[in-house]
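Since this is a predicted model, take the numbers as computed values, not measurements. Worth knowing before you read on, the calculation uses all heavy atoms, side chains too, and leaves out hydrogens, waters and symmetry mates. Each chain gets a letter, A, B and so on, in the order the sequences are listed, and its residues count up from 1.
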Amino acid sequence: MHIKSQLTKIITDALNQLGVTSSNITVTEATKPEFGDYQYNGAMALAKELKSNPREIANKIADIIKTNPIFSDVSVAGPGFLNLTLESTFIAKNLPLALNERAGVAKKSDPIKVVVDYSSPNMAKQMHVGHLRSTIIGDTIANLFEFLGDEIIRQNHIGDWGTQFGMLIAYFEENGKESNSKLSDLEEFYKEAKACFDADEEFAKRAREYVVKLQGGDAKCLSLWSAFIEKSLEHCQDVYDTLGVKLDKSAVKSESSYNDDLAQVVQDFQKKGISTKSQDAECIFFEGSDNPLIIQKSDGGFLYATTDLAAIKFRTQELGAKRICYVVDARQSEHFKQVFAAARRVGYATDDVKLEHIAFGVMLDKSGKPFKTRDGGTVKLKDLIDESIKRARDIISRANEYTPKELEKIAYTVGVGSLKYADLSINRQSNYIFDWDKMLSLDGNTALYMQYAYARINSILNRAKDVAITLETPLIEDELERRLALKILTLDDTLYRAYVDASPHIITGYLYELATLFMKFYELNPILKEGVKEQTKQSRLLIAKAVANAIKTSLNILGIDVLERI
RNA sequence: GCACUCGUAGCUCAGCUGGAUAGAGCAUCUGAUUGCGGUUCAGAAGGUCACAGGUUCGAAUCCUGUCGAGUGUACCA
């Protein structure tokens, strides 16, 4: 649909006729219903440039575009606001588009290849709450981009290399047969190994020796190491499957897989004279910063910065990515700033490649402190998901009677959906205060509210199964119906805005507005009650269908399922 | 110390890149409705957008400073 860009084009054309070739023309949604549907505020800014009166400019634009049948009203208000109201027939005519399987959303005309790097768990430990945001936000972004037509390559940059593995191998070796059974709870295993590492100087030394052996290609160490990874990956896959996150083996591209490229990366920088030796380490310095990016340690070892650079090289040169999104904790913003700058300098990323750090804040508890278990430990992701499902089960079973099978399905869908929605519905940049009650509330901007709205509409549509809808476009009989129908059509613009900012909360914001608007609409405009005229009934059913479709489509992008009944 | 991010209603958050009287939800108060799913709808109240300057027709948004919070700061990932 792209209403906004259609309007922008209309304004741009009008300005061209007036001899103005300004870039950066943007039409925005009206701030209030009284101001129409959309507004253009650029006349005031142009006034200075043209040394003219803003109202006059706005009036000139209005005179030109007034004749366009898309508008029912074009007016100039205040110092030079141009208020645009769309013709209802235009809205009505386009609404049927929203009933198709893409909910009326067009694919991009210029699809590109995008790498989305997300989740990236550490293979030495079990996944914990710290991985939740990256996994959920990353998956949504990948879904969104994919839906809009880009070619998405999901990359799970798993941490399978480093000193912790020497620790695990040492602990495994020294605990003989017991180790095998302990391995099933990787978290425990890691904790115990870590305890030894911290407490026992000798053990720590042996662990470091194992790291050297592992890196040297020792066969026994390698086989143990890959056994750890396999075990750990199984656990991750289990979490991904439960969450409905589209990550699997094909997305895994581990840190260690870049091992063979690291020496070349350092050489690339050396050859171009970008890096220099400082305190025996190979460093890249940046203007205005004292801290360099170190790509090779004084002992010859490589670091994660080196791996990240190798990954950028791989992604641009081998995969051909034009946009690379790193869905990683905001704390690493300096790191990425440096890595991106380095990648550009050395030529791994040319100007046509966008490198983005999709940063997000940390998860906090209700009191604003880091999210921990009661005894101060990290919360396992598996446990968090299980609790969410359990809480969802409690809440819904209070409201209705279900068969055990139904209850499980609904509890699962609501539990996982709520966990995701709560995370996605706030601006990813800021820290996120986790609150069970708020998250599973039916009031407000929550998954449950959306799922419930969907189920309600579905219930109406089921009840109306026998009504033959011969009407092709809705009637748009009142203001609320008009606003709702228009809102349905703006899904397209919304998704594109979320695309540009890589911000899922723009989608949830839209969903909430859509759902509340529908609730108001159907409170005032009964659909199946006695006395509703046949045409009106059909029109309202058409709108209800489109709303349901928009909700379902949007939720699916967020990785959340709808339920036909709650 | 330096760098980055942030500071909006009692609480949790929006605010579409500089626009009109700063918006939601929760909590509080009031009302409607025997309800096409009451886990509803409508309304009230709640604000010096941390503070002080500046830029301009116009600032929560941009710049400077102050205060407060968080994070990061040379060979871990």
Side-chain angles (χ1 to χ4, degrees), chain A residues 4 24 26-32 34-35 39 41-42 44-45 47-48 54 77-81 83 120 122 124 159 161-164 255 278-283 288-299 301-305 307-308 329-335 337 359 361-362 364 366 368 395-396 398-400 422 425-427 429-433 435 437-439 441-446 448-449 452-453 455-460 463-464 493-494 497-498 500-501 503 505-506 508-509 512-513 516 519-520 522-530 532 537 540 544 565-566:
Chain A
K4 233 186 248 188
N24 217 2
T26 43
V27 173
T28 56
E29 277 163 44
T31 50
K32 281 177 193 196
E34 306 94 90
F35 300 152
Q39 58 182 228
N41 304 327
M44 274 95 76
K48 193 168 19 176
F81 297 102
N83 292 336
S120 310
N122 186 329
W161 205 245
T163 46
Q164 319 107 321
E255 256 172 37
S278 168
Q279 297 175 29
D280 284 333
E282 194 68 25
C283 300
S289 168
D290 295 335
N291 297 334
L293 184 71
I294 301 174
I295 53 173
Q296 189 168 23
K297 297 195 278 185
S298 50
D299 68 4
F302 303 108
L303 298 106
Y304 78 129
T307 312
D308 279 340
D329 199 321
R331 283 178 292 203
Q332 298 201 27
S333 61
E334 269 102 2
H335 167 70
K337 213 187 270 171
V362 295
L364 306 170
K366 235 172 149 175
I395 288 171
I396 58 168
R398 260 185 266 139
N400 225 328
S425 61
I426 71 148
N427 181 351
Q429 318 252 19
S430 48
N431 289 342
Y432 159 44
I433 296 191
D435 180 348
D437 296 327
K438 196 187 155 205
M439 178 179 120
S441 162
L442 193 106
D443 298 306
N445 192 8
T446 66
L448 197 45
Y449 182 79
Y452 181 72
R456 240 172 139 175
I457 297 171
N458 191 59
S459 155
I460 295 165
R463 205 174 281 253
D493 280 325
T494 305
R497 196 151 69 78
V500 172
D501 294 350
S503 285
H505 85 282
I506 292 173
T508 60
Y512 186 60
E513 283 169 19
T516 49
M519 292 296 187
K520 280 178 202 168
Y522 118 130
E523 188 77 13
L524 290 170
N525 301 301
I527 300 175
L528 300 177
K529 270 189 176 169
E530 288 292 314
V532 178
K537 182 189 288 182
R540 289 174 184 172
R565 177 176 174 260
I566 291 184

Using the side-chain heavy atoms of [X], tell me which of these nucleotides is nearest: [options].
{"X": "A281(A)", "options": "G70(B), U40(B), C75(B)", "answer": "C75(B)"}
{"X": "S298(A)", "options": "U40(B), G37(B), C75(B)", "answer": "C75(B)"}
{"X": "I460(A)", "options": "C76(B), U71(B), C36(B)", "answer": "C36(B)"}
{"X": "E255(A)", "options": "A77(B), C41(B), G37(B)", "answer": "A77(B)"}
{"X": "R331(A)", "options": "C76(B), A42(B), G72(B)", "answer": "G72(B)"}

Any side-chain heavy-atom pair of K297(A) and L303(A) under 4.5 Å: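 They are in contact (side-chain heavy atoms under 4.5 Å apart), so the answer is yes.
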
Please report the distance separating the [atom1] of [N] from the corresponding atom of [M], rounded so that it comes out in whole Å.
{"N": "G15(B)", "M": "A77(B)", "atom1": "C1'", "value": "37 Å"}
{"N": "C29(B)", "M": "U34(B)", "atom1": "P", "value": "24 Å"}
{"N": "G18(B)", "M": "U61(B)", "atom1": "C1'", "value": "7 Å"}
{"N": "G72(B)", "M": "U12(B)", "atom1": "P", "value": "22 Å"}
{"N": "G23(B)", "M": "G46(B)", "atom1": "C1'", "value": "13 Å"}
{"N": "A60(B)", "M": "A52(B)", "atom1": "C1'", "value": "16 Å"}
{"N": "A27(B)", "M": "U17(B)", "atom1": "P", "value": "33 Å"}
{"N": "C13(B)", "M": "G7(B)", "atom1": "C1'", "value": "14 Å"}

Under-4.0 Å side-chain N/O to phosphate OP1/OP2 contact, K297(A) with C76(B):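 Yes, K297(A) has a side-chain N/O under 4.0 Å of OP1/OP2 on C76(B).
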
Under 4.0 angstrom between R463(A) side-chain N/O and G37(B) OP1 or OP2: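 For G37(B), OP1 or OP2 has a side-chain N or O of R463(A) closer than 4.0 Å.
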
Under 3.5 Å, which protein N or O atoms sit close to an N or O of nucleotides 5-12 of chain B? Give each pair with its distance.
residue : atom : partner : partner atom : Å
U12(B)  : O2'  : K438(A) : NZ           : 2.3

N/O donor-acceptor pair, side chain S289(A) with base A3(B), under 3.5 angstrom: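 Absent.
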
Assigned glycosidic conformation for U34(B) [threshold 90° from 0]: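 Anti for U34(B); the angle lies over 90° from 0.
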
Base-pairing string, 5' to 3', of RNA chain B - Watson-Crick or wobble, under 3.5 Å, | interstrand: (((((((..((((.....[...)))).((((((....).))))).....(((((..]....))))))))))))....

Enclosure of D299(A) CG (heavy-atom neighbours >12, cutoff 6.0 Å):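 Enclosed.
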
Counting any heavy atom closer than 4.0 Å, what does [X] reach on the DNA or RNA strands: base, sugar-phosphate only, or nothing?
{"X": "A330(A)", "answer": "nothing"}
{"X": "I527(A)", "answer": "base"}
{"X": "A455(A)", "answer": "base"}
{"X": "S278(A)", "answer": "base"}

Atom pairs, protein N/O to nucleotides 15-24 of chain B N/O, distance under 3.5 Å:
residue : atom : partner : partner atom : Å
G15(B)  : OP1  : H505(A) : NE2          : 3.0
C16(B)  : O4'  : R497(A) : NH1          : 3.3
C16(B)  : O2   : K4(A)   : NZ           : 3.3
A20(B)  : N6   : Q39(A)  : NE2          : 3.1
A20(B)  : N6   : N83(A)  : OD1          : 2.4
A20(B)  : N6   : N83(A)  : ND2          : 3.3
A20(B)  : N1   : N83(A)  : ND2          : 3.3
U21(B)  : O2'  : K32(A)  : NZ           : 3.1

Interatomic distance where CG belongs to L528(A) and C1' belongs to C36(B) [whole Å]: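 Atom CG in L528(A) sits about 5 Å away from atom C1' in C36(B).
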
Whether T446(A) side chain and S441(A) backbone form a donor-acceptor pair below 3.5 Å: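 Here the side-chain-to-backbone pair exists.
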
